[in-house]
Amino acid sequence: RSLVRCAATDTERGAPKLPKGQFRPKQSLGQNYLQDPNYAARIVDALQCDSERGKRVVELGPGLGALTKLLSREYPEMVAVELDERAIPLLRERYPEPITILEGDVLAVDYSALSAARGGKLSIIGNLPYYITSQILFCLCDHHASVKKAVVTMQWEVAQRLVAKPRTRDYGILSVVFQLYASPKITCKIPNTAFYPVPKVTSALVTVDFPEDRELFPVQPAKLRTVLNTAFRQRRKMLRQSLKSILNGKPCPEEFATKRPEELKPEEFLELTALIFGRDPETPDSSGEAVWRTQKLRE
Ligand SMILES: C[S@@+](CC[C@H](N)C(=O)[O-])C[C@H]1O[C@@H](n2cnc3c(N)ncnc32)[C@H](O)[C@@H]1O
């Protein structure tokens, strides 16, 4: 049925038919294609990139082009990165140069180099494959200085974690990191019926703005990561207990000793890290270094 659906849409567009039987959505690649044009328009509207001819627009996982179709009209020099080799010839045919279709893994893209090549910060957009949503988000955090904004869809539960406030169930590493590097906002809910195949879960459209003038952390991001990982590994425990392994026999800073990680605001994790490891400000040109994307983060 999915083939009929895709083929019908393609024929309407005058684009070549998908080879029968060869383009079934792959669950392993998180292929839930957007089939509701209203949501496609809404996602694209949220981007508002003013780079010349859209040359700093980067779409993650264009798939069969549900978003690319709209994006390409507004941003004729955009870039799109797709891993599924079956989609590449189709995308290149429908969206020829000056649009750039890159074949590869979105986690392996050097966004800092791409931003330098395109002369400014990138605007990222994508209906993300669910199986690697958190990794993609952490990857963007690593490249924070090269990204202006990200407009992305994800599982509703992950979106809740991004925007969660302290003392709530959803508050964790993802919340702390994203609220320190950026301002994430849920733009709207997207029902599962907007996708094909219909996933079990509801989605959210999330807009993440990376501010121009963020203050540099007073600590190295890798040290912050160690504190977050260690604290949230035992999120029910008081920090004087859960942080023992990184305190090296020293007492836990008094103001935090009897707190649990979920009680600390994002900025307080910076303070706590500085108290444990000393002040050692992050370097302004460290963007792109693999800090967040290398770790298997625990929540
Ligand atoms: C949820 S689908 C969205 C497709 C299309 N943008 C749409 O909205 O219909 C996710 C897309 O990401 C692609 N994808 C999955 N893993 C990827 C990766 N690691 N790198 C690049 N693309 C990937 C899938 O092949 C698929 O096309």
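It should be emphasised that the depicted structure is a prediction, and the values quoted were computed from it without experimental measurement. One is the number of the first residue; the rest follow in order along the sequence. Hydrogens, waters and symmetry mates play no part in the numbers below; they use all other heavy atoms, side chains included. Atoms within each ligand, like the ligands themselves, are counted from 1 in listed order.
Between Phe269 and Phe256, the distance separating the two ring centers is not shorter than 6.0 angstrom. Remark: aromatic rings of Phe138 and Tyr181 are distant, center separation not under 6.0 Å.
Applying the side chain to side chain contact (heavy atoms under 4.5 Å, CB included) test between Glu82 and each of Thr68, Ile88, Val106 identifies Ile88 as the sole match.
A donor-acceptor distance shorter than 3.5 angstrom exists from the side chain of Lys250 to the backbone of Ile276, with no hydrogens or angles considered. No donor-acceptor pair under 3.5 Å is formed between the side chain of Ser183 and the backbone N or O of Gln179.
By the 6.0 Å and 45° rule, Arg279 does not stack over the aromatic ring of Phe277.
Protein residues having at least one heavy atom under 4.0 Å from any atom of ligand 1 are Leu29, Gly30, Gln31, Asn32, Tyr33, Leu34, Glu59, Gly61, Pro62, Gly63, Ala66, Val81, Glu82, Leu83, Asp84, Gly104, Asp105, Val106, Asn127, Leu128, Pro129, Tyr131, Ile132, listed by chain and number.
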